[in-house]
Amino acid sequence: MPKMMLLVIDSFGIGAMDDCAAYIPSDCNANTYKHIREAKQCELDIPKMYEMGLGTLVDGRPVPENAYGYSKLAHHGADTYLGHQEIAGSCPKKSYKRLMKDIHAQLKQALEEKGYKVTYPIDSCPILLVDNAVVVGDNLESEVGNIINVTADFKKMPFNKVKKLGEVIRANVDTTRVIAFGGPYTSIDHILSCVKEKNKGQWGVDTPKAKVYGEGYDVYHMGYGVEINKQFPMIAAKHGLKVYRLGKTADVLHGEGPAEPIVNTTQLLKKVDEAYQKEKNDAAFLVNVQETDLAGHAENVDWYCELLNETDQWLQKFIPKLAEDDILIIMADHGNDPTIGHSNHTREYVPIMVVGKKVKKVNIGMRETMSDVGATFCEFFHLPATAEGVSFLQEIIEE
């Protein structure tokens with residue numbers, strides 16, 4: 001039975017987009033792949049990806065024997081969550097930067113209208129304490145003003161209720177994301193003790209210090225203007241198609257079916273191989289190699305290089321295992337150039353490489369949106385179309 005897999009090498013961009021100056025002018029020279037290659041030279045050893053299209057896209061090498069191309073980011077900025085919503089077939093709306101210092105009053109009123117008890121737990125600080133269980137504040141890890149965090153003590157408020165609280169906040173703010181999350185092995189008092197001002201006017205919880213991560217941790221991402229029910233994973237769930245979400249996709253894509261947010265690349269790729277070989281029915285696999293993005297955030301070129309080498313070695317062994325009708329799409333979701341001088345994502349074009357026994361030698365060109373991938377998945381499995389995107393299935397399959 002046919003299977004289709006998406007492998008996202010998180011943050012593996014191939015050069016700054018033409019509109020980069022309108023977002024982050026200092027990133028107009030970003031090129032994650034090329035700069036890692038320049039820094040590591042012969043230590044970067046990824047012959048499979050190079051021959052599948054990277055060499056053609058970046059160095060003008062001969063056309064590969066498979067389908068290949070690249071894509072713009074249609075969402076504004078460069079974001080893993082928003083990028084995956086776009087890939088899945090629903091391009092998020094333009095969002096706006098907001099800080100709690102500017103929106104706390106309207107959020108407090110909206111929450112109180114829904115029956116929540118809302119207080120200011122710290123004098124002269126704009127964060128909100130909801131039902132003595134959840135802190136609403138600025139996200140301190142992303143670009144300033146992009147995300148509102150809803151940080152919970154699950155002993156005080158269970159995750160299903162934290163999600164509903166997050167949805168109320170989502171309906172009343174136009175930031176890129178609202179993230180509702182928490183864990184059972186922290187306390188609201190400890191969470192409050194980790195509130196700090198990172199940049200002037202930016203107040204939130206230092207979440208690693210707050211000990212919300214680890215066993216029992218759960219998270220729910222909510223993008224601005226995202227049509228979840230018109231994305232490939234949700235369309236598939238509605239029509240009974242099994243979809244595996246492995247790696248970061250388990251956190252950032254909504255859906256049903258097996259979901260394991262494995263971070264370690266070795267463990268993740270081993271799990272993907274095992275699940276793929278075991279699955280005998282029609283199924284989709286949505287996989288994200290997250291550690292490459294973590295290496296970019298850490299500005300660690302050596303680590304990023306090692307992860308790319310490991311992924312390429314895995315591909316060399318995995319691709320021959322594809323069955324007659326199977327298709328594998330390899331791509332990225334944005335850039336994260338570890339040599340650029342900061343630890344944030346970079347707005348870059350992303351490569352698309354498609355392999356399979358029935359995939360022909362063809363250049364699918366520059367795609368206007370990564371949603372074309374979600375649309376292609378839907379056509380492959382004969383499902384209704386995604387909210388956005390143009391399928392390239394007919395371009396890549398031999399007659």
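Please read all numbers here as calculations on a predicted model, not as lab measurements.
Judged by distance alone, the side chain of Asn149 and the main-chain N or O of Thr151 form no donor-acceptor pair under 3.5 Å. A donor-acceptor pair under 3.5 Å is formed between the side chain of Ser371 and the backbone N or O of Glu86. A donor-acceptor pair is defined here as one N or O able to donate and one able to accept, closer than 3.5 Å; such a pair exists between the side chain of Arg170 and the backbone of Val173. Ser187 places a side-chain N or O within 3.5 Å of a backbone atom of His190 that can act as its donor or acceptor partner. For the pair Thr56 (side chain) and Pro62 (backbone), a donor-acceptor distance under 3.5 Å is present. Using a distance-only test at 3.5 Å, with no hydrogens or angles considered, a donor-acceptor pair links the side chain of Glu348 to the main chain of Gly15. Here the side chain of Asn300 pairs no donor or acceptor atom with the backbone of Gly296 at under 3.5 angstrom. With hydrogens and angles ignored, the 3.5 Å screen pairs a side-chain donor or acceptor of His75 with a backbone N or O of Asp79. Looking at Asn146, its side chain never comes within 3.5 Å of a backbone N or O of Thr176 through a donor-acceptor pair. Looking at Thr376, its side chain does come within 3.5 Å of a backbone N or O of Phe392 through a donor-acceptor pair.
In this structure, Lys72 forms no cation-pi arrangement with Tyr349, as its terminal cationic atom is not both closer than 6.0 Å to the ring centre and no more than 45° off the ring axis.
Under the 3.5 Å distance criterion, with hydrogens and angles disregarded, no donor-acceptor pair is assigned to the side chains of Thr175 and Tyr96. Between Asp326 and Tyr276, the side chains place a donor N or O and an acceptor N or O closer than 3.5 Å (distance only, hydrogens not considered). Side-chain atoms of Gln109 and Glu113 include a donor-acceptor pair closer than 3.5 Å. A donor and an acceptor atom, one from each side chain of His345 and Asp293, are located under 3.5 Å apart. Between the side chains of Thr265 and Glu291, at least one donor-acceptor pair of N or O atoms lies under 3.5 Å. A donor atom on one side chain and an acceptor atom on the other are found under 3.5 Å apart for Tyr244 and Glu279. Side-chain polar atoms of Gln85 and Glu227 form no donor-acceptor pair below 3.5 angstrom. For Glu388 and Ser90, the side-chain atoms include no donor-acceptor pair closer than 3.5 Å. Side-chain atoms of Asn309 and Asp45 form no donor-acceptor pair, as typed in the model, at a separation below 3.5 Å. Side chains of Gln316 and Asp312: a donor-acceptor N/O pair is present below 3.5 angstrom, by distance only. Side-chain contact check for Asp251 and His221: no donor-acceptor pair (N or O, by modelled atom type) lies under 3.5 Å. Side-chain contact of Thr80 with His334: a donor-acceptor pair under 3.5 Å is present, judged by distance alone. Residues Gln231 and Thr386 have side chains that never bring a donor and an acceptor to within less than 3.5 angstrom of each other.
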- Message: For Met331 and Ile87: C-alpha separation, side-chain torsions, deciding distance, then whether side chain to side chain contact (heavy atoms under 4.5 Å, CB included) applies.
- Response: CA-CA 10 Å; Met331 67 182 300; Ile87 290 169; 4.1 Å; yes

- Just do the salt bridge (Lys or Arg N to Asp or Glu O under 4.0 Å) check on Glu112 and Lys108 with the steps written out, would you? CA-CA 6 Å; Glu112 288 175 338; Lys108 183 175 186 291; 2.6 Å; yes

- Task: May I have the step-by-step check of salt bridge (Lys or Arg N to Asp or Glu O under 4.0 Å) for Asp282 and Lys242, ending in yes or no?
- Result: CA-CA 7 Å; Asp282 291 0; Lys242 191 173 186 179; over 6 Å; no

- Decide side chain to side chain contact (heavy atoms under 4.5 Å, CB included) for Tyr33 and Asn31; before the verdict, give the C-alpha distance in whole Å, the side-chain angles of both, and the deciding distance to 0.1 Å. CA-CA 6 Å; Tyr33 165 52; Asn31 191 319; 4.2 Å; yes

- Message: Determine whether Asp138 and Ile148 satisfy the following criterion, side chain to side chain contact (heavy atoms under 4.5 Å, CB included), listing intermediate values before the conclusion.
- Response: CA-CA 5 Å; Asp138 298 318; Ile148 298 298; 3.9 Å; yes

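A salt bridge does not link Lys163 with Glu167: every distance from a Lys NZ or Arg NE/NH1/NH2 to an Asp or Glu carboxylate oxygen is 4.0 Å or more. For Glu324 and Lys357, the salt-bridge test fails: no basic side-chain N is under 4.0 Å from an acidic carboxylate O. Salt bridge absent: Lys248 and Asp10 never bring a charged side-chain N and a carboxylate O closer than 4.0 Å. Under 4.0 Å is where a charged nitrogen must lie from a carboxylate oxygen, and between Lys97 and Glu143 at least one such pair does. Contact check on Lys200 versus Glu197 returns no salt bridge, with no Lys/Arg side-chain nitrogen under 4.0 Å from an Asp/Glu carboxylate oxygen. Salt bridge annotation for Asp59-Lys34: absent, with no cationic side-chain nitrogen under 4.0 angstrom from a carboxylate oxygen. Between Lys156 and Asp131 there is no salt bridge, since no side-chain nitrogen of the basic residue lies less than 4.0 Å from a carboxylate oxygen of the acidic one.
Note: Tyr220 and Phe181 fail the aromatic proximity criterion, with ring centroids not under 6.0 Å apart. You'll find the ring centres of His239 and Phe381 outside the 6.0 Å limit.
Within a 6.0 Å radius of NZ in Lys198, more than 12 heavy atoms belonging to other residues, nucleotides or ligands are found. Around atom CD of Glu215, no more than 12 heavy atoms belonging to other residues, nucleotides or ligands sit under 6.0 Å away. Annotation: Lys155, atom NZ; neighbour count of heavy atoms from other residues, nucleotides and ligands within 6.0 Å is above 12. The local environment of NZ in Lys321 is crowded, with over 12 non-hydrogen atoms from other residues, nucleotides or ligands closer than 6.0 Å.
When side chains are defined from C-beta on, Lys117 does not count as touching Val130, because their heavy atoms never get closer than 4.5 Å. Side-chain atoms of Ile397 and Lys360, non-hydrogen and from C-beta on, never get closer than 4.5 Å to each other. Residues Asn281 and Lys3 are not in side-chain contact: their nearest non-hydrogen atoms beyond the backbone lie 4.5 Å or more apart. Side-chain contact check for Glu299 versus Ser343: some heavy-atom pair is nearer than 4.5 Å.
Separation of atoms OH (Tyr185) and NZ (Lys211) is listed at 14.0 Å; rounding is to 0.5 Å. In this structure, NZ in Lys93 is found 10.5 Å from CG in Asp174, a value given to the nearest 0.5 Å. We find the CG-CG distance between Leu246 and Leu6 to be 11.0 Å, quoted to the nearest 0.5 Å. Expressed to the nearest 0.5 Å, how far NE2 of His297 lies from CD of Glu141 amounts to 10.0 Å. Within the model, atoms NE2 of His35 and OG1 of Thr339 stand 5.0 Å from one another, a figure rounded to the nearest 0.5 Å.
For the pairing with Phe232, the ring-ring contact (aromatic ring centres under 6.0 Å, His included) check across Phe380, Phe285, Phe377 returns one residue only, Phe377. Partner Arg347 forms a salt bridge (Lys or Arg N to Asp or Glu O under 4.0 Å) with one of Asp19, Asp27, Asp333, Asp337 and no other, that one being Asp19. For the side chain to side chain contact (heavy atoms under 4.5 Å, CB included) criterion with Tyr304, the lone passing option out of Leu294, Leu44, Thr292 is Thr292.
Ring orientation note: the planes of Phe159 and Phe154 are tilted relative to one another, at an angle of 30° to 60°. The aromatic rings of Trp314 and Phe318 sit parallel to each other, their planes meeting at less than 30°, with 60° as the upper class boundary.
Under the 4.5 Å side-chain contact rule for hydrophobic residues, Val362 and Ile330 share a cluster.
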